[in-house]
There are 2 protein chains.
Amino acid sequence: MKFESATIKDIALKLNLSKSTVSRALRDSYEISNETKKLVLEYAKKINYRPNPIALSLKERRSHTIGIVVPEFSNNFFSQAINGMESIAYSKGYNVIITQSHESYDREVINVEHMAYRSVDGLLISVSVETDNFDHLKKLHDRRLPIVFFDRIVEEIDTYKVVCDNFKGAYDATSHLIKKGFKNIAHIASAEHLFITQKRLEGYRKALEDHNIPIQPELIKHCVHGGKISSEVEEAISSLLSLKKKPDAILSGGDRITTEMLPFLKKFNALKNKIAYMGFSNSDLTDLFTPSLSVIRQPAFEIGQAAMEQLIKIIESKRPILDFTTQTFESSIIIKESTKK
Amino acid sequence: MKFESATIKDIALKLNLSKSTVSRALRDSYEISNETKKLVLEYAKKINYRPNPIALSLKERRSHTIGIVVPEFSNNFFSQAINGMESIAYSKGYNVIITQSHESYDREVINVEHMAYRSVDGLLISVSVETDNFDHLKKLHDRRLPIVFFDRIVEEIDTYKVVCDNFKGAYDATSHLIKKGFKNIAHIASAEHLFITQKRLEGYRKALEDHNIPIQPELIKHCVHGGKISSEVEEAISSLLSLKKKPDAILSGGDRITTEMLPFLKKFNALKNKIAYMGFSNSDLTDLFTPSLSVIRQPAFEIGQAAMEQLIKIIESKRPILDFTTQTFESSIIIKESTKK
DNA sequence: GCTTTAAATGACATCGATTGCGTAAATAAA
DNA sequence: TTTATTTACGCAATCGATGTCATTTAAAGC
């Protein structure tokens with residue numbers, strides 16, 4: 001079952017012209033007489049001629065298409081970021097194609113290569129939680145495929161990056177908890193090797209330090225799959241709750257972890273209401289929970305927009321860009337009931 | 001800024017062979033001597049040669065890539081369906097590219113055409129809420145681009161379709177409400193022209209009829225944007241609540257409407273706890289709401305899998321398929337607190 | 001030693017579109 | 001009328017890979 005479509009050759013044959021003439025007529029070249037142009041244009045319209053973008057990509061070595069790779073659509077941060085990216089891309093005449101890595105390194109490599117070799121003009125990516133080897137991206141970067149990182153950025157590749165101030169987000173959230181009077185604040189973080197995990201962890205630590213609260217390593221848990229596997233979150237929580245000195249508040253280090261931990265904490269608190277919690281989350285439903293959830297919210301849409309703008313800047317730049325910058329957005333702390341004393 | 005990559009020509013030049021020989025050596029043709037093969041393979045590996053898929057698409061007129069168009073990623077039904085589609089596609093050696101229509105007809109047309117002309121081998125689509133003209137799809141279907149519809153299907157195009165039993169889902173939900181003792185059951189439905197809206201509405205009506213409850217037209221509201229615009233949901237609800245004879249239960253006809261109506265109803269019920277509600281929803285968070293939400297849940301992942309399987313069947317079929325079928329899945333009613341009497 | 005035959009490789013067209021260059025015919029200038 | 005200049009178009013190469021159809025080479029057969 002194949003999909004057939006009219007070509008320049010069809011027009012040329014029908015009108016007894018050469019392919020070149022038809023091509024030029026369609027592109028309104030000054031070399032072609034008005035009558036010929038009219039003939040060509042009319043017939044092209046009649047048979048609904050559309051230039052074959054595959055052929056154009058092959059010839060021009062660009063596709064006006066931008067590839068986006070995110071871990072998961074179901075994470076609201078990413079779907080919002082994608083919406084921001086699309087809004088800019090469309091306004092500048094680019095199409096986007098989007099894939100999910102499902103937090104899998106292997107899938108990410110396949111998706112990235114598929115896109116690169118399918119001639120995307122550039123790549124926007126937030127790496128999977130499993131990714132701690134960046135050769136697949138370095139290789140493309142070395143070959144000068146324009147790449148912009150957002151959110152889960154890769155430090156060691158020199159290009160534009162767009163992030164949230166993860167340090168500050170975690171710092172502010174932790175400070176909020178401290179000010180509310182919580183003393184034993186636990187942190188369920190994502191995979192250790194991720195740059196944003198480190199930054200958030202730093203923010204958490206620094207807030208404790210600044211308020212003269214000792215850091216207790218047993219209160220820091222990592223979810224190697226970023227919360228994608230429910231059981232790892234359950235384990236983190238149950239091990240926290242089985243400590244002699246239980247935490248009185250929990251800070252979650254990622255969207256997925258936040259939503260995964262809620263049922264466990266809700267169940268626990270239904271029995272003995274004791275633990276406050278908050279986390280990074282861009283869900284639109286956090287107000288509907290009981291208690292309503294205090295969150296660190298990132299301007300995902302704006303981050304997406306900024307990343308796409310930077311990428312198009314690279315793509316359309318005539319000369320190699322040398323002074324890449326990292327754009328940082330502020331997250332906002334939204335206080336609700338889940339962190340009430 | 002361009003992305004350069006090794007070609008067959010590079011290998012041929014370096015090894016002093018012709019392009020054809022190199023091509024055949026790479027594809028392990030019997031015509032090529034082992035030494036030559038070894039030489040070519042080694043050098044290809046050394047310079048990290050990868051065949052250019054654009055060139056291949058041009059030549060072979062297929063891309064091993066499947067296009068998916070959904071209204072919105074943030075709707076869990078769709079992100080789950082996409083996951084199902086990906087699982088099948090990857091296992092059969094296809095890649096997928098995904099776009100959102102954002103419930104916009106214009107965007108849908110652009111996305112569909114972009115994909116078709118970029119040589120996707122087939123298309124999986126659930127149409128936008130705005131789409132009531134299907135020419136863009138008919139055109140491609142007539143040109144024999146394999147298309148499979150899922151969820152929001154297009155009746156008038158003859159191909160495989162995969163849906164949920166929307167009639168039964170709404171019928172069962174309404175029956176549940178009736179059995180719980182509710183008498184004035186309102187229905188907030190999506191855009192009227194959508195086939196699934198009609199089916200769900202029919203199910204709602206039939207359940208009332210079968211239980212000898214008169215249908216009150218003022219209890220049926222339509223959201224022309226499918227709940228994408230918060231205000232339309234608010235208006236539907238406030239007009240329901242301002243009726244002399246207020247509804248005692250509300251059935252929502254779509255994921256987006258369900259989540260959008262929750263804050264309004266929650267606020268209302270906080271004042272005077274009176275209205276029960278449930279709706280179609282594939283959200284994973286419905287247990288966290290207070291009251292926990294009774295839902296009609298669709299097997300989105302399985303629907304996605306089935307749709308992808310059908311599509312690949314069309315793509316790989318040697319002869320045109322004439323007897324297209326519509327596959328129907330059962331949804332499940334999950335009863336929680338929001339429909340307690 | 002000459003012919004047959006198989007093995008190994010190259011030349012070239014193809015997919016669809018663009019583009020530099022060449023050229024015939026028409027027009028203008030000398 | 002002759003030469004110069006437009007005008008309007010066609011030829012052919014190109015992009016990367018495949019595949020058909022030669023062609024070369026060498027070994028085998030008589």
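Convention: sequence-line order gives letters A, B, ...; per-chain numbering from 1.
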For the side chain of R24(A) and the base of dT7(D), is some donor closer than 3.5 Å to an acceptor across the two? no
Pairs touching residues 46-55 of chain B that satisfy side-chain hydrogen bond (donor to acceptor under 3.5 Å, both in side chains), sequence neighbours left out: E113(A)-R50(B)
Any donor-acceptor pair, under 3.5 Å, between the side chain of S23(A) and the base of dG16(C), if you only look at N and O atoms? no
Between the base of dA11(C) and the side chain of S20(B), is there a donor and acceptor pair under 3.5 angstrom? yes
Measure NZ/K59(B) against P/dG19(D) and give the value in whole Å, please. 7 Å
In whole angstrom, give the distance that lies between atom CD of E60(B) and atom P of dG16(D). 17 Å
side-chain contact (heavy atoms from CB on, under 4.5 Å) with H114(A): which residues, sequence neighbours excluded? R118(A), T65(B), N95(B), I97(B)
Is a side-chain donor-acceptor pair under 3.5 Å present for H102(A) with E86(B)? yes
Could you check whether I8(A) gets within reach of a base, just the sugar-phosphate, or nothing at all, counting any heavy atom under 4.0 Å? sugar-phosphate
Less than 4.0 Å between a side-chain N and a carboxylate O, is that true for K37(A) and E42(A)? no
To the nearest 10°, give me the bend of the helix from dG1(C)-dC30(D) to dA30(C)-dT1(D), comparing the axes of its five terminal pairs at either end. 70°
So F78(B) and F150(B), would you call those rings parallel, tilted or perpendicular, with 30° and 60° as cut-offs? perpendicular
What is the distance, rounded to the nearest whole Å, between atom CZ of R61(B) and atom P of dG16(D)? 20 Å
dG19(D) phosphate, OP1 or OP2: any side-chain N/O from K19(B) under 4.0 angstrom? no
Could you go through nucleotides 23-26 of chain C and list every protein N or O atom that sits under 3.5 Å from one of its N or O atoms, giving the distance for each pair?
none

To the nearest Å, give me how far apart CG (L26(A)) and P (dT19(C)) are. 13 Å
Value in whole Å for how far the C1' atom of dC15(D) lies from CG of N52(A): 13 Å
Sorted by chain and residue number, the side-chain contact (heavy atoms from CB on, under 4.5 Å) partners of K14(B) (sequence neighbours excluded) come out as Y43(B)
Mind running a 4.0 Å heavy-atom check of residues 28-51 of chain A against DNA chain C and sending the residues that fall below it, in number order? Y49(A), R50(A), P51(A)
